[in-house]
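Please read all numbers here as calculations on a predicted model, not as lab measurements.
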Amino acid sequence: MKEINITTTIEVFDGIQNLPLEIQSLMHQAIETRKNAYAPYSRFRVGAAILLDNGKIVLGSNQENAAYPSGLCAERVAIFQAGAIYPNAKIVKLAITAASDTNPTLSPIPPCGACRQSIAEYEFKQDIPIEIYFMGESGEVYKSNSINNLLPLSFDKTSL
């Protein structure tokens with residue numbers, strides 16, 4: 001038997017005001033689009049903003065459905081929209097923010113497992129890492145330089 005140690009590195013910013021200006025703008029766009037979330041069941045609103053290598057910004061908010069598996073998270077709404085509208089562009093940066101209508105969301109909220117897998121698919125496809133910034137409704141912002149920090153030992157097409 002052998003042991004594998006996996007290390008994750010996350011950078012922590014005290015707040016939006018401590019981010020680089022380009023990322024502050026991206027996060028503010030994610031905050032604004034979070035307000036467009038359709039979340040009548042969970043009352044948990046998520047906004048995502050993607051910066052593409054062509055300079056375009058693509059936004060997404062979570063969209064729920066009474067048949068729970070039919071909804072879609074903000075991250076995947078934005079990623080799939082980017083893939084549909086700009087199929088040859090690469091995702092450079094992703095900003096995510098989450099807020100609850102019922103409880104303060106003061107800790108950074110990372111992407112769920114399904115979103116991590118979707119991010120991994122695009123990162124693998126484009127062969128460059130995607131910087132991921134995520135936060136709650138306020139407070140600290142976490143930065144991962146690649147989905148590999150959030151989803152080590154990922155599943156991709158090489159496994160098929």
Side-chain angles (χ1 to χ4, degrees), residues 10-11 13 16-17 19-101 105 108-138 141-160:
I10 301 291
E11 294 176 44
F13 296 85
I16 293 176
Q17 70 281 1
L19 294 168
L21 291 177
E22 177 183 54
I23 304 307
Q24 285 183 38
S25 173
L26 198 64
M27 190 60 80
H28 283 297
Q29 290 179 70
I31 290 168
E32 284 303 308
T33 200
R34 182 181 76 202
K35 297 172 185 175
N36 297 330
Y38 178 67
Y41 308 105
S42 70
R43 303 184 57 80
F44 189 76
R45 301 174 188 284
V46 182
I50 291 176
L51 173 63
L52 301 174
D53 66 349
N54 63 9
K56 301 290 186 184
I57 306 286
V58 179
L59 306 173
S61 60
N62 58 313
Q63 302 296 311
E64 294 181 351
N65 191 293
Y68 285 116
S70 299
L72 203 57
C73 300
E75 298 92 317
R76 285 181 286 153
V77 168
I79 289 167
F80 297 158
Q81 180 174 225
I85 297 172
Y86 305 105
N88 298 316
K90 294 181 179 182
I91 299 171
V92 180
K93 300 173 191 315
L94 168 61
I96 307 161
T97 176
S100 170
D101 291 349
T105 310
I109 307 295
C112 73
C115 288
R116 291 178 198 206
Q117 182 62 42
S118 294
I119 296 166
E121 180 71 20
Y122 277 77
E123 189 171 286
F124 187 82
K125 175 183 119 177
Q126 67 188 32
D127 199 29
I128 63 165
I130 299 170
E131 288 181 13
I132 305 165
Y133 297 81
F134 54 97
M135 64 181 290
E137 62 187 282
S138 64
V141 180
Y142 286 5
K143 175 194 175 192
S144 172
N145 287 321
S146 167
I147 193 61
N148 290 328
N149 286 319
L150 303 177
L151 186 66
L153 305 175
S154 61
F155 176 81
D156 61 47
K157 68 180 182 181
T158 62
S159 300
L160 300 175

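When all heavy atoms of F44 and N62 are compared, the pair lying nearest together is O-ND2, 2.8 Å. Considering every non-hydrogen atom in both E64 and Y41, the closest pair reads OE1-N, 3.0 Å. Here the closest non-hydrogen pair linking F155 and Q117 is O-NE2, 2.8 Å. When all heavy atoms are compared, the tightest approach of G47 to T33 is CA-CG2, 3.8 Å. Minimum heavy-atom separation, P111 to C115: CB-CB, 3.9 Å.
Under the 3.5 Å distance criterion, the side-chain polar atoms of Q29 are left unmatched by any main-chain donor or acceptor of A49. Side-chain atoms of T97 come within 3.5 Å of backbone atoms of G136 as a donor-acceptor pair (strictly under, hydrogens ignored). Between the side chain of R45 and the main chain of A37, a donor-acceptor pair closer than 3.5 Å is present. At least one donor-acceptor pair closer than 3.5 Å links the side chain of E123 to the backbone N or O of I130. Using modelled atom types, one side-chain atom of Q24 and one backbone atom of L19 make a donor-acceptor pair closer than 3.5 Å.
With a 4.5 Å cut-off on side-chain heavy atoms, R116 and S154 do not count as touching. The shortest distance between side-chain heavy atoms of L94 and I119 falls below 4.5 Å.
Expressed to the nearest 0.5 Å, how far CZ of R43 lies from OG of S100 amounts to 8.0 Å. Here CG of L150 is found 11.5 Å from SG of C112. Values are rounded to the nearest 0.5 Å. With rounding to the nearest 0.5 Å, the separation of OH in Y133 from NZ in K143 is 4.0 Å. The CD1 atom of I132 sits 9.5 Å away from the CD1 atom of I91 when rounded to the nearest 0.5 Å. With values rounded to the nearest 0.5 angstrom, Y142 atom OH is found 13.5 Å from N149 atom CG. Rounding to the nearest 0.5 Å places CD1 of I50 at 13.0 Å from NZ of K93.
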Which atom pairs, one a donor and one an acceptor, fall under 3.5 Å between side chains of residues 65-90 and the rest of the protein, sequence neighbours left out?
residue: N65; atom: OD1; partner: A67; partner atom: N; Å: 2.9
residue: S70; atom: OG; partner: A67; partner atom: O; Å: 3.3
residue: Q81; atom: NE2; partner: L59; partner atom: O; Å: 2.9

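Annotation: ring pair (Phe, Tyr, Trp, His ring centres under 6.0 Å) contacts of F13 (sequence neighbours excluded): none. Applying the salt bridge (charged side-chain N to carboxylate O under 4.0 Å, His left out) criterion to E137, with sequence neighbours excluded, gives no partner residue.
Inspection of the T158 and D156 side chains reveals an N or O donor paired with an N or O acceptor under 3.5 Å.
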